[in-house]
Peer 1: 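Quick one: structure below, then a few questions.
Chain A is the first sequence line, chain B the second, and so forth, proteins listed ahead of strands; every chain is numbered from 1.
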Amino acid sequence: MTAPLRPARRVRSVFDRLYTAYGPQGWWPADTRFEIFVGAVLTQNAAWTNVEYALDHLRAADALDAATIAAMEPDRLGALIRPSGYYNIKARRLQALCRFVVEAGGIEVLARRETDALRADLLAVHGIGHETADDIVLYAFHRPVFVIDAYTRRIFSRLGMCAGHEPYDELRMGFERALGADVPVFQEYHGLIVNHAKAACRKQPACADCCLRRMCPVGRGESSP
DNA sequence: ACCCAGGGTCATA
DNA sequence: TATGACCATGGG
């Protein structure tokens with residue numbers, strides 16, 4: 001698999017089928033830009049329903065802003081975000097991110113930064129990895145950066161379009177080459193991938209009524225899971 | 001009871 | 001570069 005995610009037409013075809021099957025996803029589900037920052041950390045290896053509970057608690061405590069969270073007692077923050085899991089770790093990560101926002105001068109200042117520099121600085125924050133950084137860059141700042149997650153690897157390796165264990169940036173740039181710098185498509189595509197993974201690919205045998213059946217070696221009986 | 005969720009860090013080889 | 005332990009709640 002020297003050149004993953006090729007030909008580009010195939011990558012676009014997957015998008016078309018997912019979009020036809022599920023419609024627009026409207027990602028990221030958030031009221032404000034700062035909520036995307038917080039949600040991106042809280043959703044790390046956690047169900048989104050649990051993240052909503054945590055966001056509700058922060059809202060109810062009037063603590064949904066960077067300065068407040070940065071200055072909060074860690075144990076109190078942990079108690080507020082408890083339902084999203086890993087609450088001690090995530091409290092620390094959230095404070096690191098909020099400290100970064102405050103020191104930068106606020107989200108409006110960050111919004112003027114160049115995409116690559118912004119991405120690099122977010123990655124340098126404790127607890128912010130590739131996916132979390134790119135969630136923020138794509139959904140909060142509307143920059144053309146494609147988000148790779150475990151579902152993306154699973155679905156596209158199953159389709160035979162990548163090995164699945166490539167380095168993050170190799171896959172990310174593969175999608176960006178195939179699709180061009182298209183922010184609305186990137187935003188929808190990632191949401192569709194997550195939705196599809198939950199809607200279809202987890203129930204086995206998955207391929208009988210899967211919208212990607214005709215593109216899938218497994219769905220056409222060419223190999224076995 | 002078991003499995004996993006819209007990951008990331010850290011230690012180790 | 002690449003594994004593995006660890007973190008923790010709630011829903012199926």
Peer 1: Considering only B:dG6, C:dT9, C:dA8, which nucleotide approaches the side chain of A:Asn88 most closely?
Peer 2: C:dA8

Peer 1: Where the side chain of A:Pro83 is concerned, which of C:dG10, B:dA5, B:dG6 is the nearest nucleotide?
Peer 2: C:dG10

Peer 1: Return the nearest nucleotide to the side chain of A:Arg154; candidates are B:dG7, B:dA5, C:dA8.
Peer 2: B:dA5

Peer 1: Could you give the distance separating C:dA5 and B:dC3 at their P atoms, to the nearest angstrom?
Peer 2: 16 Å

Peer 1: Is any side-chain N or O of A:Lys198 closer than 4.0 Å to OP1 or OP2 of B:dG6?
Peer 2: yes

Peer 1: Is the CZ atom of A:Arg92 crowded by more than 12 outside heavy atoms at less than 6.0 Å?
Peer 2: no

Peer 1: Within this structure, what is the CZ-to-P distance between A:Arg172 and B:dG6, rounded to whole angstrom?
Peer 2: 23 Å

Peer 1: Pick base, sugar-phosphate or nothing for A:Ser84, based on heavy-atom distances below 4.0 Å to the nucleic acid.
Peer 2: nothing

Peer 1: Grab the CD1-P distance between A:Ile89 and B:dG7 for me, whole Å please.
Peer 2: 15 Å

Peer 1: Does A:Arg59 have more than 12 heavy atoms from other residues, nucleotides or ligands lying within 6.0 Å of its CZ?
Peer 2: yes

Peer 1: Please report the distance, rounded to the nearest Å, between CG in A:Asp169 and P in C:dT1.
Peer 2: 11 Å

Peer 1: What I want to find out is whether A:Arg143 reaches A:Asp134 closely enough, with some N-O distance under 4.0 Å, to be called a salt bridge.
Peer 2: no

Peer 1: For the backbone of A:Arg17 and the side chain of A:Thr20, can you confirm whether one donor and one acceptor N or O come within less than 3.5 Å of each other?
Peer 2: no

Peer 1: Taking Watson-Crick (N1-N3 plus N6-O4 or O6-N4) and G-U wobble (N1-O2, O6-N3), each under 3.5 Å, can you produce the dot-bracket string of DNA chain B? Use [ ] for crossing pairs and | for inter-strand ones.
Peer 2: .||||.|||||||

Peer 1: Could you state the atom-to-atom distance from NE2 of A:His190 to P of B:dG6 in whole Å?
Peer 2: 10 Å

Peer 1: When you measure from the side-chain N and O atoms of A:Tyr151 to the phosphate of B:dG6, is any distance below 4.0 Å, counting only OP1 and OP2?
Peer 2: yes

Peer 1: Can you tell me how far C1' in B:dG6 sits from the matching atom in C:dG4, rounded to whole Å?
Peer 2: 23 Å

Peer 1: Starting the side chain at C-beta, find the nucleotide from B:dG6, B:dG7, C:dT9 nearest to A:Trp27.
Peer 2: B:dG6

Peer 1: Can you tell me if A:Arg6 has over 12 outside heavy atoms packed within less than 6.0 Å of its CZ?
Peer 2: no

Peer 1: Name the residue closer to the 5' end of DNA chain B, choosing between A:Trp28 and A:Ile128 according to the nucleotide with the nearest heavy atom.
Peer 2: A:Trp28

Peer 1: Please report, rounded to the nearest Å, how far the P atom of B:dG8 is from the CG atom of A:Asp135.
Peer 2: 8 Å

Peer 1: Could A:Asp169 and A:Arg172 be called an ion pair, given the rule that one side-chain N must be under 4.0 Å from one carboxylate O?
Peer 2: yes

Peer 1: Can A:Tyr87 be called stacked on C:dA8 when the rule is centres closer than 5.5 Å and an angle between planes below 30°?
Peer 2: no

Peer 1: Heavy atoms under 4.0 Å, any strand shown: does A:Tyr86 hit a base, just sugar-phosphate, or nothing?
Peer 2: base

Peer 1: Would one find a side-chain N or O of A:Tyr53 under 4.0 angstrom from OP1 or OP2 of C:dG10?
Peer 2: no

Peer 1: Look at A:Thr43 and B:dA5 and indicate whether a side-chain polar atom (N or O) is within less than 4.0 Å of OP1 or OP2.
Peer 2: no

Peer 1: Figure out the CG/P separation between A:Asn45 and B:dG7, and round it to whole Å.
Peer 2: 6 Å

Peer 1: With a sphere of 6.0 Å drawn around CG of A:Asp62, does it hold more than 12 non-hydrogen atoms of other residues, nucleotides or ligands?
Peer 2: no

Peer 1: I need the CZ-C1' distance between A:Arg93 and C:dC7, as an integer number of Å.
Peer 2: 8 Å

Peer 1: So, does A:Arg10 use its side chain to make a donor-acceptor pair with the main chain of A:Met215 at under 3.5 Å?
Peer 2: yes

Peer 1: Between A:Leu122 (CG) and B:dG7 (P), how many Å, whole number?
Peer 2: 17 Å

Peer 1: If you define the side chain from C-beta out and look only at heavy atoms, does anything of A:Leu118 sit under 4.5 Å from A:Glu114?
Peer 2: no

Peer 1: When we call it a touch if two heavy atoms are under 4.0 Å apart, what does A:His130 touch: a base, just sugar-phosphate, or nothing?
Peer 2: sugar-phosphate

Peer 1: Take atom P in C:dG10 and the same atom in B:dG8, then report the distance between them in whole Å.
Peer 2: 22 Å

